[in-house]
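A short write-up of the structure that comes next.
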Amino acid sequence: MTNNESQWKEEQERVSGVTNLLSSRIRVLSEELGLHRTDVVEMRKDFWEEVTVNFSSPDDLGETSTSLRQQSQILSERERHHLQSSKALKKYKKLVVSPYFGRIDFTEKPDGKSEKIYLGIGSLMEEDGTFLIYDWRAPISSLYYDGAPGPAAYDTPSGIVSGTMDLKRQFVIDEGKIDVMFDTGVTIGDELLQQVLSHSADDRMKSIVATIQKEQNAIIRNDKSRMLVVQGAAGSGKTSAALQRVAYLLYKYREVLQADQMLLFSPNPLFNSYVSTVLPELGEENMQQTTFQMYLEHRLGQEFQLEDVFTQTESLLNAPDVPTASIRRAGITYKSSVSFLDVIRRYVFLLEREGMQFKPVVFQGRIVVSKEDMLKKFYGFDPTIKLANRIELMTGWLLKQISDFGHEERSATWVEDQIEMLDSDEYHRAYQMMLRKKRGKGETFNDYDTEKELLGRYIVSQRLKPLRRWVKRGRFVDVKGLYSSLFTNLELFEHLNGDQELPLDWDNICTQTLSSIHANELSYEDATPFLYLKELSQGFRTNTLIRHVIVDEVQDYSPFQLEFMRRLFPRAKMTVLGDLNQAIYAQGEVLGDLSSLVSVYGEENTEVISLTRSYRSTYEIVEFTRAMIPGGERIVPFNRRGEEPLISVMSTEQDLLRAVEADIRELHSRGFHYVAVICKTAEESEQVCTQLEGNLKVRLVTKETPNFQKGTLVLPAYLAKGVEFDAVIIYDGSDQRYSRESERKLFYTACTRAMHLLHIYSLGEASRFLPVPKAQSLIAESLQV
């Protein structure tokens, strides 16, 4: 037997021993859980039978309280034990299939003690406390991702541990059998990566901790920076690293950090579904997930019809050359900028001295408090009091005014009419409520006048409830009027704008903005500035429960939106991930270099990490797509070979459609289960899907689509962000469709979704953004055929 065979046999014996132990614990835990579940159900059913309930005297009441507390504690303890056992069982069931993926032999200084460290997705100990498997997030596990055989060190809460790494070994274990085993050096071996990356796509992102690279590990384990900025090429694994980072933080700070204290802002609801299984696979609960649009809808949806970023993009892509489109783009650029953010801030300071706008407090068509009286009161406060604090004082004053008004209204004719119209149920509710309020005050309800007075008080109180609620929510501040003034009062705007030049087409931008606002519509680019002004003028609604925010596709956010997030979550750290080459939305063009994000929390609190190696696509696809963008030479392809991308030029739309249909059939016959037909817009996607449906089974993906499904999907390029497919068919990559510089990144984003195959069809001359030498040769071959 060779040395290698002997090592393999030894490792397999260890795997078998570990899986046998896991199988045994699974059996024991499964039986215990069945018993625990029965106990909990029975305890819940018999809860009140076990409690002595007696309210006859103070002593009896105390005994009842003690009995309730004791029984509740017993039930809570059983439920907690059941939950812990359930989590352990889930972990063991995952480990028994593939217990671990790596081994390092580490000799610690100075005592020379050597230890074999095996790494898996969860830890496993023997009864005596000896570790059989270390969790991949444990401090010592960082050696596997960062170190190489030779001198090595790792960081622990008590300090740096130094020593020597004598061995670094990788495994692929399936159903208790070692399929692959090899010793490796500095990085995670290419052999394992090749195997993982050659697999088919899926409708859910997979978390593969065995193949975390050194640069990704730096992202995962960074817990010092207030803000971590990750600039990563398409397919560099930045989103996967961010989610593994969440799992790491939940593991390291498990005593003080919960999953519901972490929040992911994702590009669309479809993406939320795509990444929803990563954390559960790693044994953690899912964090909160949302989109920025969903937050805007929550805050402004009752006041306005809100445009979303997809509708904004669709309108710009479908009519790029009309004059209104250029005006719209200029407006988006300015309203997303730091310059406009500064204008809003200066505006709030100005409002402390002049220009505040209020809505009158009105009840049944009658003015309770006029705008003039509100302004007089507002500017009568001490001028050193901040705007938001004055609004709080105004709220209290207005509630007092409403209370005084209500007192006067009790004897009004309309109140008598309402009393007469009370039905029996409401009359009974009013009577009981007033009875509770008057109990112990010596008052009775035996005479008509008293009853009438009490019912009148009830009627007025109930009818004034919506008005009091309106005031408490700060709706008396006319934010709509304040925001509109920026676009109607040129003198005001120039004063706030200072020495800055007016944006191009400012008059037309103002006209477009006011037209939307007067129709109770709010464009996507106006929503955040409007909400920011609303918050600054009424008092910022902050969320102090969230401790960590992850923003994916950060290149699609404006500086305005990121500043808003910073203020919204004042206690949170932030991880932002992006790729400027995929900045496909108009406001994303404002952000510039991601390193500019240091301004959000300051340079001393910010770290920027770049990922340049692309793993998603084959070498050929990465070589092809990186030539589409300036600076693409900095993207490093992983050496997984495949087929060259194909460009096929078609003369008619009918020929194009037939070629795509044939291509889809061939791709499925070759075993590609996830095929995307990517169009430029939602409008084009709908048309293409309708044409393909007659002969093929295809599914249209829209902004409302909740999740991906296996098969052929037809979707617009901007909805493909962040996901990947076995094969991508670009429906029409012609120069007519993709020729403007603003469309380059959209085209690049669509092409980089392909893992194994990229086919580009062109109705007429291919896009100028395609690599010229490669494109020319492939087009020539296509025409010859």
Please determine whether a side-chain nitrogen of the Lys or Arg among E307 and R328 lies less than 4.0 Å from a carboxylate oxygen of the Asp or Glu. yes
Between E724 and R753 (salt bridge meaning N to carboxylate O under 4.0 Å), is one present in this structure? no
Parallel, tilted or perpendicular: rings of F310 and Y585 (30°, 60°): perpendicular
Taking all non-hydrogen atoms of both residues into account, name the closest pair between F725 and Y674 and its distance. CB-O, 3.7 Å
Between S558 and K335, is there a side-chain donor-acceptor contact under 3.5 Å, judged purely by atom types and distance? no
With no hydrogens and no angle check, do the side chains of Q213 and N217 hold a donor and an acceptor under 3.5 Å apart? no
Look at the rings of Y295 and H298 and say which category their plane angle falls in: under 30° parallel, 30 to 60° tilted, over 60° perpendicular. tilted
May I ask you to check whether Q312 and E525 show a side-chain donor-acceptor distance below 3.5 Å? yes
Hey, are K703 and T311 close enough side-chain-wise for a donor-acceptor pair under 3.5 Å? yes
salt_bridge(E643, R670) N-O dist < 4.0 Å: yes
Before accepting this row, confirm whether a basic side-chain N of the pair R744/E741 lies closer than 4.0 Å to the acidic partner's carboxylate O. yes
Lys/Arg N to Asp/Glu carboxylate O, R641 vs E620, below 4.0 Å: yes
Greater than 12 external heavy atoms within 6.0 Å of E285's CD: no
Can you see whether S266 engages D552 through a side-chain donor-acceptor pair at a distance of less than 3.5 angstrom? no
Do you know which of V728, L667, I647 makes side chain to side chain contact (heavy atoms under 4.5 Å, CB included) with H759? L667
So for atom CD, which belongs to Q691, do other residues, nucleotides or ligands contribute more than 12 heavy atoms lying within a distance under 6.0 Å? yes
Would you say the side chains of H756 and R616 form a donor-acceptor pair under 3.5 Å? no
So CD1 of I664 and CG of N695: to nearest 0.5 Å the spacing works out to 10.0 Å
Please determine whether side-chain contact (heavy atoms from CB on, under 4.5 Å) holds for the pair L577 and V229, giving the CA-CA distance in whole Å, both sets of side-chain angles, and the decisive distance to 0.1 Å. CA-CA 6 Å; L577 321 144; V229 180; over 6 Å; no
So, applying side-chain hydrogen bond (donor to acceptor under 3.5 Å, both in side chains) with T712, which one of K697, H673, H668, R699 is it? H668
Is the CD atom of Q302 crowded by more than 12 outside heavy atoms at less than 6.0 Å? no
With side chains defined as the heavy atoms from C-beta onward, is the minimum distance between I729 and I678 less than 4.5 Å? no
Is the closest basic N to carboxylate O distance between K721 and D556 below 4.0 Å? yes
Taking 4.0 angstrom as the limit, do E281 and K90 come out as a salt bridge? no
Salt bridge K680-D732, side-chain N to carboxylate O under 4.0 Å: no
Are there over 12 heavy-atom neighbours, none belonging to E765, within less than 6.0 Å of that residue's CD? no
Any side-chain heavy atom of N268 sitting closer than 4.5 Å to one from Y718? no
Can you find a heavy atom in the side chain of L696 that is under 4.5 Å from one in the side chain of R665? yes
Strictly distance-based, threshold 3.5 Å: is any side-chain N or O of D735 a donor or acceptor partner for the main-chain N or O of R768? yes
Taking D260's backbone N and O only, do any of them form a donor-acceptor pair with Q288's side chain (distance below 3.5 Å, no angle check)? yes
